[in-house]
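Note sheet for the following structure.
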There are 2 protein chains.
Amino acid sequence: MKDLLPVINYISRYVDLTDDEKNHLTSFLKITKVKKRQFIVQPGFVCKHKSYVVKGAFRGYLVDNNGKEHTLSFAIEDWWISDYSSLIYQEPATLFVEALEDSVLIQIEYEDEQQFLKEIPKLEKFERIITQRSLAFHQKRLLSNLTKTAEERYDEFMSKYSAIAQRVPQYALASYLGFSTEYLSKIRNGKTSKS
Amino acid sequence: MKDLLPVINYISRYVDLTDDEKNHLTSFLKITKVKKRQFIVQPGFVCKHKSYVVKGAFRGYLVDNNGKEHTLSFAIEDWWISDYSSLIYQEPATLFVEALEDSVLIQIEYEDEQQFLKEIPKLEKFERIITQRSLAFHQKRLLSNLTKTAEERYDEFMSKYSAIAQRVPQYALASYLGFSTEYLSKIRNGKTSKS
DNA sequence: CTTATTTCCTAAACCAGTTCATTTTTATTT
DNA sequence: AAATAAAAATGAACTGGTTTAGGAAATAAG
């Protein structure tokens with residue numbers, strides 16, 4: 001299936017797969033199309049797959065006791081998204097994962113992945129490496145939240161991920177960076193800068 | 001070496017190792033003793049090992065441009081610590097990792113680990129699993145910082161990690177939870193509670 | 001056991017970012 | 001194209017947490 005190639009190519013950046021391995025792996029992948037505003041993960045339901053974004057944009061977020069939304073992650077083309085905690089422990093999710101645009105995904109089911117990790121040990125290495133990188137990323141983000149002001153975090157995000165910033169609603173960006181939409185508005189319109 | 005058994009036992013919680021594998025692995029482990037206030041990682045130097053705490057307590061922290069300290073992680077007995085980002089990318093560290101007490105460590109060198117990951121593929125699975133769990137932990141912490149007040153984060157930490165709270169200085173705990181020591185003092189002495 | 005250093009506490013002034021309330025703009029639907 | 005809903009802007013009042021500055025305890029060192 002040509003449509004499933006992007007995931008094979010993604011994995012091939014980290015480990016070398018034989019043609020047989022590629023074919024075997026491909027048999028487990030599924031293409032899914034979702035419409036804007038549709039959820040692929042919802043609180044209370046166990047997250048059954050990880051999703052690679054072929055086309056579109058997604059947002060993973062938590063709704064707190066006061067009804068406020070807090071964005072944990074975004075994903076656009078060539079990124080993965082899921083409720084990671086729900087997926088690895090196979091526990092009910094706490095996050096919503098919602099399509100911000102009409103999108104196309106390639107999905108891997110949890111059980112299938114457990115199976116081919118046994119069959120193709122090379123994929124353990126792939127999993128280890130991308131998980132390590134994701135962990136390093138999250139540690140940096142934690143430190144960034146601890147050390148930087150709202151405006152500094154905004155500037156940092158804009159310089160690193162302007163492609164994402166341009167595609168997601170402003171309230172989603174604010175809730176990712178950890179402040180209110182009103183404050184983001186102020187930052188954007190220069191009410192806080194010193195010249 | 002009997003002293004190195006704790007790490008073998010730790011790994012054996014996640015994967016089954018043969019006696020040969022255990023022996024081979026043991027040959028790469030090194031015991032290190034460090035005194036209180038000693039650093040095992042410093043900014044500017046590439047982090048060359050991950051450390052398992054046999055005895056003692058550690059703290060990993062960043063010093064920002066204003067000289068303020070921000071704690072990323074603690075480690076007591078049966079935990080691991082390092083500058084993870086520096087370790088996996090073999091880049092200069094940004095963190096200090098400092099002993100809070102006289103301590104004993106079992107260390108694994110970066111190159112040695114790369115080698116035995118090739119020799120014993122089972123260890124890839126071990127690495128994957130603990131990295132996944134650490135990632136899930138950091139995601140939860142990130143969400144906790146986004147959704148909860150200082151006092152709620154304090155209460156949460158005390159109920160989950162009172163063993164750590166009792167052993168680390170208060171300024172270290174405050175800087176982990178993301179607020180000032182003065183505010184921690186207020187929380188502890190009930191100046192903020194509603195009755 | 002005495003001195004120095006590090007850690008912890010207290011309180012008032014302050015500020016980065018929130019909340020609330022309303023308006024304007026931009027998308028989406030009919 | 002009009003109607004409706006969703007997203008962004010604006011400003012004034014407010015608050016959770018910081019800063020500054022000091023003193024009191026506790027630890028470590030001579």
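Computed over heavy atoms, backbone and side chain alike; hydrogens, waters and symmetry mates excluded. Residue numbers start from 1 in every chain, and the chains themselves are labelled A, B, ... in the order their sequence lines are given, proteins ahead of strands. Note that the structure is a prediction, hence the values are computed from the model and not measured.
For the pair A/R37 CZ and C/dT28 C1', the interatomic distance rounds to 8 Å; values are reported in whole Å. The CD1-C1' distance, from B/I187 to C/dC8, rounds to 15 Å in whole Å. As rounded to whole Å, 13 Å separates atom C1' of C/dT24 from atom CG of A/N189. Spacing between atom CG of B/L184 and atom P of D/dT18 amounts to 10 Å, rounded to whole angstrom units. The separation between A/R188 atom CZ and C/dT25 atom C1' is 15 Å, rounded to whole Å. As rounded to whole Å, 14 Å separates atom P of C/dT18 from atom CG of A/N66. The CG-P distance, from B/L146 to D/dG16, rounds to 18 Å in whole Å. Between B/Y183 atom OH and D/dT15 atom P the separation is 13 Å, expressed in whole Å.
The base of D/dT18 sits with one of its N or O atoms less than 3.5 Å from a complementary donor or acceptor on the side chain of B/K186.
Taking the six-membered ring for Trp and thresholds of 30 and 60 degrees, B/Y10 and B/Y14 have ring planes inclined between 30 and 60 degrees apart. Ring geometry for A/Y61 versus A/F39: interplanar angle of 30 to 60°, hence tilted. Below 30°, between 30° and 60°, or above 60°: for A/F28 and A/F116 the angle between ring planes is between 30° and 60°, a tilted geometry.
Between B/Y84 atom OH and B/S134 atom OG the span is 7.0 Å, to the nearest 0.5 Å.
No donor-acceptor contact under 3.5 angstrom links the side chains of B/Y176 and B/R59, judged on distance only.
Using a 4.0 Å heavy-atom cutoff across all strands shown, B/T181 reaches no nucleic acid atom at all.
With salt bridges taken as basic N to acidic carboxylate O contacts below 4.0 Å, none links A/E156 and A/K140.
Residues from residues 161-174 of chain B placing a heavy atom under 4.0 Å of any atom in DNA chain C, listed by number, are B/P169, B/Q170, B/Y171.
Using a 4.0 Å cut-off, some side-chain N or O of B/K68 falls inside it from OP1 or OP2 of D/dT19.
Screening A/R141, A/H138, A/Q139 against B/H138 for a side-chain hydrogen bond (donor to acceptor under 3.5 Å, both in side chains) leaves a single residue, A/Q139.
Nearest-nucleotide positions on DNA chain C place A/T149 closer to the 5' end than the other of A/E182 and A/T149. Ranked by how close their nearest DNA chain D nucleotide is to the 5' end, B/K36 and B/S180 are led by B/S180.
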